[in-house]
Amino acid sequence: MALPADDDVYQRIYAMIDSIPRGRVASYGQIAAQAGLPRRARLVGRALRELPPGSRLPWHRVVNAAGKISARAGGGEREQGRRLRAEGVRIAKGGRIDLERFGWKPAW
DNA sequence: CGGTTGACTGTTT
DNA sequence: TAAACAGCCAACC
């Protein structure tokens with residue numbers, strides 16, 4: 001069997017993000033691991049970075065392991081926070097999200 | 001082929 | 001609690 005092509009890898013990442021329930025968040029590393037790509041958190045970030053504006057994907061539900069919105073070139077952190085709040089995710093004063101409460105737990 | 005870069009993460013200060 | 005460090009790995013040049 002041939003190993004998965006790069007395109008398939010990206011598709012898996014996008015598929016995982018697409019399955020994050022509304023009102024929940026997942027970390028880059030978590031998405032990577034669930035997509036069968038351990039230690040590839042940065043690859044997830046890269047995939048999101050290449051996402052076209054206006055995409056239907058719930059990209060805003062991906063945050064870092066600290067429960068905070070990651071900085072990026074080109075801005076967009078502000079809108080991410082707005083979208084999360086809009087679906088009920090509480091963002092604490094320090095910009096942190098309680099992963100115990102809002103983190104996505106696929107096993108459930 | 002080798003150095004740099006970065007939407008990351010876990011450990012140590 | 002936050003910042004600094006070190007490890008990580010694929011894309012880029």
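Throughout, protein chains are lettered first and strands after them, A, B, ... in sequence-line order, and every chain is numbered starting at 1. All values reported here derive from a predicted model rather than from experimental measurement.
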K.L.:
Could you state the CG-C1' distance from A/Leu37 to B/dT9, rounded to the nearest angstrom?
P.N.:
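Nearest whole value for this atom pair: 16 Å.
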K.L.:
Would you say a side-chain N or O of A/Ser27 is under 4.0 Å from OP1 or OP2 of B/dC8?
P.N.:
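Negative; the distance criterion is not met.
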K.L.:
In this structure, how many angstroms lie between the P atom of B/dA7 and the CD1 atom of A/Ile69, rounded?
P.N.:
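It works out to 15 Å between those atoms.
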K.L.:
According to side chain to side chain contact (heavy atoms under 4.5 Å, CB included), who are the partners of A/Ala47, at least two apart in sequence or on a separate chain?
P.N.:
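Applying side chain to side chain contact (heavy atoms under 4.5 Å, CB included) to A/Ala47 gives A/Tyr10, A/Ile13, A/Tyr14.
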K.L.:
What is the distance, to the nearest angstrom, from the CD1 atom on A/Ile13 to the C1' atom on C/dA10?
P.N.:
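After rounding, the gap between these two atoms is 11 Å.
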K.L.:
Among residues 45-56 of chain A, which contact DNA chain B at a heavy-atom distance under 4.0 Å?
P.N.:
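Heavy-atom contacts with DNA chain B come from A/Gly45, A/Leu48, A/Arg49.
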K.L.:
Whole Å only: how far is the NZ atom of A/Lys93 from the C1' atom of C/dT1?
P.N.:
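Distance check: A/Lys93 NZ to C/dT1 C1' gives 14 Å.
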K.L.:
Take A/Leu43 and A/Lys68, find for each the nucleotide of DNA chain C with the closest heavy atom, and name the residue whose nucleotide sits nearer the 5' end.
P.N.:
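The residue whose closest nucleotide sits nearer the 5' end is A/Lys68.
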K.L.:
Whole-Å distance between C/dC9 C1' and A/Tyr28 OH?
P.N.:
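After rounding, the reported distance stands at 17 Å.
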K.L.:
When you compare the side chain of A/Arg61 with that of A/Arg22, does any pair of heavy atoms fall below 4.5 Å?
P.N.:
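With C-beta onward as the side chain, the pair touches.
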K.L.:
Could you check how far CD of A/Gln30 sits from P of B/dG10, rounded to whole Å?
P.N.:
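From A/Gln30 CD to B/dG10 P: 11 Å.
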K.L.:
B/dA7, B/dC8, C/dT1: which one has an atom nearest the side-chain heavy atoms of A/Arg96?
P.N.:
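Per side-chain heavy atoms of A/Arg96, the pick is C/dT1.
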K.L.:
Taking the side chain as everything from C-beta on, heavy atoms only, tell me whether A/Gln30 gets closer than 4.5 Å to A/Trp104.
P.N.:
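Yes - at least one pair of side-chain heavy atoms lies under 4.5 Å apart.
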K.L.:
With side chains defined as the heavy atoms from C-beta onward, is the minimum distance between A/Ile31 and A/Leu37 less than 4.5 Å?
P.N.:
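Answer no - side chains too far apart.
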K.L.:
CD1 of A/Ile31 versus P of B/dT9: gap in Å, rounded?
P.N.:
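Distance, rounded to whole Å: 11 Å.
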K.L.:
Can a side chain N or O of A/Arg40 be found less than 4.0 Å away from OP1 or OP2 on C/dA10?
P.N.:
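True: A/Arg40 side-chain N/O within range (under 4.0 Å) of C/dA10 OP1/OP2.
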K.L.:
Does the side chain of A/Ser27 come within less than 4.5 Å of A/Val62's, by heavy atoms?
P.N.:
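Sidechains of A/Ser27 and A/Val62: no contact.
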K.L.:
Evaluate the side-chain proximity of A/Trp59 to A/Arg83: yes if any heavy-atom separation is below 4.5 Å, no if none is.
P.N.:
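With C-beta onward as the side chain, the pair touches.
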K.L.:
May I have the distance from A/Arg42 (atom CZ) to B/dG6 (atom C1'), rounded to whole angstrom?
P.N.:
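Answer to the nearest Å: 5 Å.
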K.L.:
Could you go through the side-chain hydrogen bond (donor to acceptor under 3.5 Å, both in side chains) check for A/Arg72 and A/Gln80 one step at a time?
P.N.:
CA-CA 12 Å; A/Arg72 73 212 56 174; A/Gln80 182 169 7; 2.6 Å; yes
